[in-house]
Amino acid sequence: MHPADPAALLEGLNDQQRRAVEHTGSPLLVVAGAGSGKTRVLTRRIAYLLGARQVHPGQVLAITFTNKAAAEMKERVAELVGRRANAMWVSTFHSMCVRVLRREAKTLGMTSSFSIYDSDDSKRLITLVARDLDLDPKRYAARSLAVHISNLKNELVDAETAAGNATNDLERRVAEVYVEYQRRLREANAMDFDDLIMRTVELLQTFPDVAEYYHRRFRHVLVDEYQDTNHAQYTLVRELVGTGRGTGEHAVPPAELCVVGDADQSIYAFRGATIRNIVEFERDYPQATTVLLEQNYRSTQNILTAANAVISRNPDRRDKRLWTAMGDGEKIVAYVGDNEHDEANFVAGEIDRLVDAGIANNSDVAVFYRTNNQSRVFEEIFIRLGLPYKVVGGVRFYERREIRDAVAYLRVLANPEDTVSLRRILNVPKRGIGERAEACVAMHAERERVSFNTALRAATEGRVAMLNPRSQRAIAGFVELVDGLRRFVDDGQDVAEVLDAVLEQTGYRAELEASDDPQDASRLENLTELITVAREFTELPDAPEDDAPEGSAPIETTGPAAGTLAAFLERVSLVADADQVPDEDDTGGVVTLMTLHTAKGLEYPVVFSTGWEDGVFPHMRALSDPVELAEERRLAYVGITRARERLYLSRAVVRSAWGQPMTNPASRFFDEIPADLLDWRRLGPERSSPVRATTFGSGSGGGGGGASRSTFGSRGTRSQATRGWQETAALTLEVGDRVNHDKYGLGRVVATDGQGPRTTATIDFGTAGTIRLMLIGSVPMVKL
DNA sequence: AACACGATGATTTTT
DNA sequence: TCATCGTGTT
């Protein structure tokens, strides 16, 4: 049992943290600097509500941005209060809204089985709409239209209002697309991510009974990462808290609100997040109390001083100075490489040195960069040195084509009207329903004002104009296939079984198995993985017991019953993190590579923040815009403050961008760090005698190998040189050698053949197959 | 309907 | 550089 002794819950907190935990009544803003124990404050506060203030756990709503943060918060609260934590709503903005919306779907004219469209689905639909409206795809790219519409939704501007407000051509076009896009979403019984928030707001604002229900239920609302909220989310929170101004039976006093955030860590403005929400919190909630957490429990003072110095350059900022009782620690190591290979080589060498010296394990180390493509050079070198690593981010599991195809089938089974998913799988795998046929069906749908699904069924009866008999038969086959699979679902089969049947009966699996493209082998593995996920999902449903406070109406659990297809789809739609940040207890440990954005919220004893070049970081597009530059600076602040003990900042003089070598000046952020904090290991190539381009002997020169090779020649020279060097180093292969190929992955040489430039190697790439490759030109492969 | 080719253009991305 | 997209060919 957890007596949740109130005094114990305040133990070990500093004064400010304690104030935040104990504060009662008025809205509370906790300005939590990086590493200042914000999660601790949130979890203790929740436990304190329960333990000291007799709050029922069902009255608590805690909102985060990520599933990971929600899971962590729930776990840490459970450590304090035990199973009572299960009765709380601790969830992301989006899953919270889905819960509400599924419950109230009818009120909004939807079915509770509505599909959730992610940005890819939404872009597809917008493409269709734009095409139907005859918009020039050059001037009105789907991606850009999607961004515009998303921005409008984030500002809670609906399609009709957008149409009315449009003052120029672009805005009018966007509004036109927006109107039609919403019509199609409704028709497909679908909502996009932004709708989830916007429509929940709409629901609460339009239906006082619904709002009252939630007002009575949630007496405490806590919001994490408040600086990342956009206007819609801000309004949602306000509606959830309520004004207490209702009359008669609607008079429910406002809920107690506690928001936690750090304006200096707002790095998602490009997604509509507005610091305004945190900067002006006090104006929005006049009686609000603010608590400032400045004591840092993560980093050394040198690291914090650097972070403070950089962020202080941002204009219009509330001053905040992180400090620690832990001492100065090491200086920040700085390094200038001749090129990105040199830089990566330095990083790898340093990691090696730290690990050898027993100062760190691989898992203690993270390498950050501004853009994903920068990971490549690190991967190359780490592979060559046998340094285990993991890249976090990039193409995620649920974004892979095969996974999306499989999920689209499931979505169509759950929601027959889901047009985007339906059209996605219509001819996947190829079954002879081409563009032409699809267009005929779409035409029919539009003319008859019926859904695509209905039109498809009309096609099987020959009621669609211009459709040739062959296509008609193919469509009939498809419809039959889907109906057969749906019967499977209706029979109550497990999700994994349904998925298996989908892959089998559609021939999807067979097609991949028959292919000799090694990528398809990995696709097959991913699908197997998806089935495993589905199986685990049915076997260990993690739906919590819902336990509403006494006196309030009982409330449904998560919506769809645990383990069902609907529940699985919801999980898949709202949880994108199948790829995880490696655990520190991952055997032996791996170095973690990620973008600065992904790094937010994490911490590592050793951090390498790389690519500190004007044009890279800060990014080119931010150089001329003070607002964007300020956001880049916050990104620098986030990067710096991830480091606990050792921080390395590095740049390369020359870096290849899109195949062209670029000479970039040092990042301006270097100049913003007090010089005495920096320990420059290398200031760059000596100006007087640039390192000569040497000829490339065979692989003897270990150690500094690539590092000292100059790239100061002409452009052509550089790329030739690098390539030549990789050739000799990587391509002297013997039977038994292990290699890593860009496309085929890890393999072992089983045979070699031929001489000189005609040398070939036969390599067993495991599941990707055995392949014979010529070792000529720039082979995308390295020897391990 | 399916494939092959050249033009294009390319931050960051919790949901 | 490299993946995606639209166009043209078989």
Side-chain angles (χ1 to χ4, degrees), chain A residues 63-71 91-98 116-122 127 131 137-138 141-143 147 150 154 191-197 224-225 227-230 232-233 265-273 368-374 376-377 392-396 398-399 401 427 429-438 468 470-471 474 570-577 581 594-602 611 615-623 628 631-632 634-635 638-639 655-662 719 722-723 742-743 778 780:
Chain A
I63 311 176
T64 64
F65 275 85
T66 68
N67 292 290
K68 198 177 150 220
S91 66
T92 63
F93 270 103
H94 292 85
S95 51
M96 185 216 98
C97 288
V98 171
I116 299 167
Y117 281 180
D118 67 16
S119 22
D120 188 77
D121 301 314
S122 123
T127 307
R131 203 174 290 162
K138 294 257 154 58
R143 192 194 139 91
V147 167
S150 175
N154 289 160
M191 295 198 205
D192 65 20
F193 280 152
D194 302 317
D195 282 337
L196 296 178
I197 312 288
D224 191 16
E225 305 279 16
Q227 77 282 352
D228 288 340
T229 51
N230 58 38
Q233 288 158 337
Q265 292 185 66
S266 164
I267 55 175
Y268 286 106
F270 68 91
R271 290 178 86 250
F368 302 157
Y369 34 79
R370 178 62 177 78
T371 60
N372 285 304
N373 61 5
Q374 290 171 252
R376 211 186 140 158
V377 61
V392 181
V395 207
R396 286 195 294 268
Y398 290 112
E399 283 167 11
R401 179 160 41 110
N427 200 30
K430 303 245 180 304
R431 50 172 73 88
I433 308 175
E435 220 175 305
R436 209 33 218 272
E438 186 184 343
N468 71 43
R470 215 149 60 119
S471 303
E570 188 164 316
R571 153 74 70 92
V572 169
S573 306
L574 295 177
V575 178
D577 49 11
V581 176
M594 66 184 107
T595 64
L596 285 161
H597 282 89
T598 308
K600 199 178 86 164
L602 304 175
V616 175
F617 179 51
H619 194 272
M620 186 104 65
R621 299 167 96 116
L623 290 178
E628 286 203 50
E631 178 141 323
E632 297 284 307
R634 291 192 290 273
L635 206 45
V638 166
R655 176 182 302 273
S656 297
W658 306 318
Q660 288 295 304
M662 295 283 296
S719 55
T722 310
R723 198 184 298 152
D742 276 6
K743 192 168 158 200
S778 76

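All of these numbers come straight from a predicted model, not from anything done at the bench. Chain A is the first sequence line, chain B the second, and so forth, proteins listed ahead of strands; every chain is numbered from 1.
Base orientation of B:dT12: anti, since the glycosidic angle falls outside 90° of 0.
Using a 4.0 Å heavy-atom criterion, one finds that A:Gln233 contacts no nucleic acid atom at all. Contact annotation for A:Glu631: no contact, since no heavy-atom pair falls under 4.0 Å across all strands. Residue-level contact check: A:Thr598 touches the backbone only, with heavy atoms under 4.0 Å from sugar-phosphate atoms and none from bases. Among the atoms of the strands shown, base atoms are found under 4.0 Å from some heavy atom of A:Tyr268. Contact annotation for A:Arg436: backbone-only contact, meaning every heavy-atom pair under 4.0 Å involves sugar-phosphate atoms and none involves a base. Nucleic acid contact for A:Asn372: sugar-phosphate only, since backbone atoms but no base atoms lie under 4.0 Å from a heavy atom of the residue. At a threshold of 4.0 angstrom between heavy atoms, the contacts of A:Ser471 are confined to the sugar-phosphate backbone, with no base atom among them.
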What nitrogen or oxygen pairs link the protein and nucleotides 2-9 of chain B at under 3.5 Å?
residue : atom : partner  : partner atom : Å
B:dA2   : OP2  : A:Asn427 : ND2          : 3.2

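Note: CZ (A:Arg621) to P (B:dA10) measures 7 Å, nearest angstrom. Rounded to whole Å, the distance from CZ on A:Arg376 to P on B:dA10 is 20 Å. Atoms CZ (A:Arg143) and C1' (B:dT12) sit 10 Å apart, rounded to a whole Å. Atom CZ in A:Arg634 sits roughly 18 Å away from atom P in B:dT12 (whole-Å rounding). The distance between atom OH of A:Tyr398 and atom C1' of B:dT13, rounded to the nearest whole Å, is 18 Å. Distance A:Glu628 CD to B:dT12 P: 13 Å, rounded to the nearest Å. In this structure, A:Phe270 places its CZ atom 16 Å from P of B:dA10, rounding to the nearest Å. Atom NE2 of A:His597 and atom P of B:dT12 are 9 Å apart (whole Å).
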**OP:** Evaluate the criterion side chain to side chain contact (heavy atoms under 4.5 Å, CB included) for residue pair A:Phe368 and A:Met594; output intermediate values, then yes/no.
**Re:** CA-CA 5 Å; A:Phe368 302 157; A:Met594 66 184 107; 3.9 Å; yes
Original post:
Would A:Leu596 and A:Val638 satisfy side chain to side chain contact (heavy atoms under 4.5 Å, CB included), going step by step from the backbone distance to the final call?
Top reply: CA-CA 7 Å; A:Leu596 285 161; A:Val638 166; 6.0 Å; no
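Between the side chain of A:Gln233 and the main chain of A:Asn230, a donor-acceptor pair closer than 3.5 Å is present. The main-chain N or O of A:Gly393 is never found under 3.5 Å from a side-chain atom of A:Asn372 such that the two would form a donor-acceptor pair.
No option in A:Arg370, A:Lys600, A:Gln265 other than A:Arg370 meets the side-chain contact (heavy atoms from CB on, under 4.5 Å) test with A:Leu635.
Distances shown here put every side-chain N or O of A:Asn373 at or beyond 4.0 Å from the OP1 or OP2 atom of C:dT1. A sub-4.0 Å separation between OP1 or OP2 of B:dT13 and a side-chain N or O of A:Thr595 is present.
Position along DNA chain B of the nearest nucleotide to A:Phe65 versus A:Arg370 favours A:Arg370 as the more 5'-ward residue. Place A:Leu635 and A:Ala437 on DNA chain B by their nearest nucleotides, and A:Ala437 ends up nearer the 5' end.
Out of B:dT12, B:dT15, B:dA10, the shortest distance to the side chain of A:Trp658 is found at B:dA10.
Put simply, A:His619 rests on the base of B:dT11: the two rings are less than 5.5 Å apart at their centres and nearly parallel, under 30°.
Partners of A:Arg655 under the salt bridge (Lys or Arg N to Asp or Glu O under 4.0 Å) rule, at least two apart in sequence or in another chain, are A:Glu343, A:Glu613. Scanning for side chain to side chain contact (heavy atoms under 4.5 Å, CB included) contacts around A:Val377 gives A:Glu340, A:His341, A:Ala344, with sequence neighbours left out.
When only modelled atom types and interatomic distance are considered, A:Ser573 and A:Glu570 share no side-chain donor-acceptor pair under 3.5 Å.
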